[in-house]
Amino acid sequence: VQLQASGGGLVQVGGSLRLSCAAVGAAGSRIRLNIVSWYRQAPGKQRELVADINKDGNTNYADSVKGRFTISRDDAKNTVALQMNSLKPEDTAVYLCSADFWSFSSDGTIVAAREWGQGTQVTVSS
């Protein structure tokens with residue numbers, strides 16, 4: 001299973017971006033996402049949890065993004081989105097998604113694992 005993150009870019013203060021994290025498995029396999037998280041890492045800073053969503057749709061947000069960011073999931077498409085509004089310069093970072101999942105292969109193999117996406121750059125200019 002690979003996680004493909006997309007949607008980053010350059011935006012002005014107060015603007016919006018929508019990040020997407022898609023889980024892609026081998027042909028013939030089925031994926032069941034459990035907890036999916038978005039993290040971010042700015043230069044010189046530690047990686048921090050931005051938001052996560054569990055299989056029941058319960059969400060958790062960092063205090064710094066509450067009221068501005070919304071995480072959502074589409075289990076039919078194995079994707080999780082992070083809608084980011086009212087962006088600030090301090091939101092500038094590489095955003096990474098991480099997912100705990102079950103993978104069901106066509107040969108009956110079941111794997112529980114955690115994967116990370118490749119990261120997508122978000123830059124907010126003032």
Side-chain angles (χ1 to χ4, degrees):
V1 175
Q2 292 185 335
L3 298 183
Q4 299 174 349
S6 61
L10 174 64
V11 65
Q12 291 186 333
V13 169
S16 298
L17 283 173
R18 185 177 179 84
L19 306 183
S20 179
C21 179
V24 180
S29 68
R30 184 167 56 88
I31 301 168
R32 181 182 297 171
L33 296 176
N34 291 327
I35 295 176
V36 182
S37 309
W38 281 99
Y39 289 80
R40 67 186 180 188
Q41 187 160 20
K45 294 187 177 181
Q46 289 189 332
R47 185 174 296 180
E48 64 170 338
L49 176 66
V50 175
D52 59 35
I53 184 167
N54 69 10
K55 61 181 179 60
D56 297 320
N58 297 313
T59 59
N60 175 55
Y61 296 94
D63 288 342
S64 58
V65 306
K66 283 181 180 177
R68 300 189 296 123
F69 291 11
T70 303
I71 189 170
S72 60
R73 62 190 291 155
D74 184 340
D75 289 332
K77 297 180 179 180
N78 290 323
T79 59
V80 170
L82 183 68
Q83 177 67 42
M84 306 186 296
N85 298 328
S86 302
L87 284 162
K88 304 176 181 180
E90 50 263 44
D91 295 319
T92 295
V94 174
Y95 284 70
L96 307 101
C97 62
S98 173
D100 294 332
F101 62 89
W102 292 91
S103 176
F104 304 84
S105 300
S106 56
D107 65 1
T109 303
I110 301 173
V111 173
R114 186 181 197 191
E115 285 290 347
W116 288 83
Q118 79 281 15
T120 184
Q121 177 70 45
V122 171
T123 303
V124 184
S125 64
S126 57

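Basis for what follows: all heavy atoms, side chains included, without hydrogens, waters or symmetry-related copies. Being a predicted model, the structure only gives us computed values, none of them experimental.
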Are [X] and [Y] joined in one hydrophobic group, where the rule is that I, L, V, M, F, W and Y side chains link up if heavy atoms are under 4.5 Å apart?
X      : Y     : result
Leu17  : Ile53 : yes
Val122 : Val80 : yes
Val11  : Trp38 : yes
Tyr39  : Val94 : yes
Val65  : Leu87 : yes

From [atom1] ([X]) to [atom2] ([Y]), nearest 0.5 Å:
X     : Y      : atom1 : atom2 : result
Asp75 : Leu33  : CG    : CG    : 6.0 Å
Thr59 : Lys66  : OG1   : NZ    : 9.5 Å
Leu3  : Asn78  : CG    : CG    : 10.0 Å
Arg18 : Asn85  : CZ    : CG    : 9.5 Å
Thr79 : Leu19  : OG1   : CG    : 12.5 Å
Lys88 : Ser126 : NZ    : OG    : 13.5 Å

Can you tell me if [X] has over 12 outside heavy atoms packed within less than 6.0 Å of its [atom1]?
X      : atom1 : value
Gln118 : CD    : yes
Trp102 : CH2   : no
Glu90  : CD    : yes
Arg32  : CZ    : no

Could you pull out the closest heavy-atom pair between [X] and [Y], with the gap in Å?
X     : Y     : result
Ser29 : Ala26 : OG-O, 2.6 Å
Ala42 : Ala93 : N-CB, 3.8 Å
Ser86 : Ser16 : N-OG, 4.4 Å
Val1  : Ala23 : CG1-CB, 4.2 Å
Val36 : Ala99 : CG2-CB, 3.9 Å
Ser37 : Leu49 : CB-CD1, 3.8 Å

Exercise. When you check the gap from the basic side-chain N to the acidic O, do Asp91 and Arg40 get nearer than 4.0 Å?
Worked result: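 Arg40 and Asp91: salt-bridged.
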Exercise. Between the main-chain N or O of Asp56 and the side-chain N or O of Asn54, is there a donor-acceptor pair closer than 3.5 Å?
Worked result: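 Answer holds: yes.
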Exercise. Can you check whether Ile71's main-chain N or O pairs, donor with acceptor, with Tyr61's side chain at less than 3.5 Å?
Worked result: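 Checked: pair present.
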Problem set entry | Met84/Val50 under side chain to side chain contact (heavy atoms under 4.5 Å, CB included): CA gap, chis, key distance, verdict | CA-CA 11 Å; Met84 306 186 296; Val50 175; over 6 Å; no
Problem set entry | Donor-acceptor side-chain pairing of Thr123 and Gln121 below 3.5 angstrom |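 Distance-only check passes for Thr123 and Gln121.
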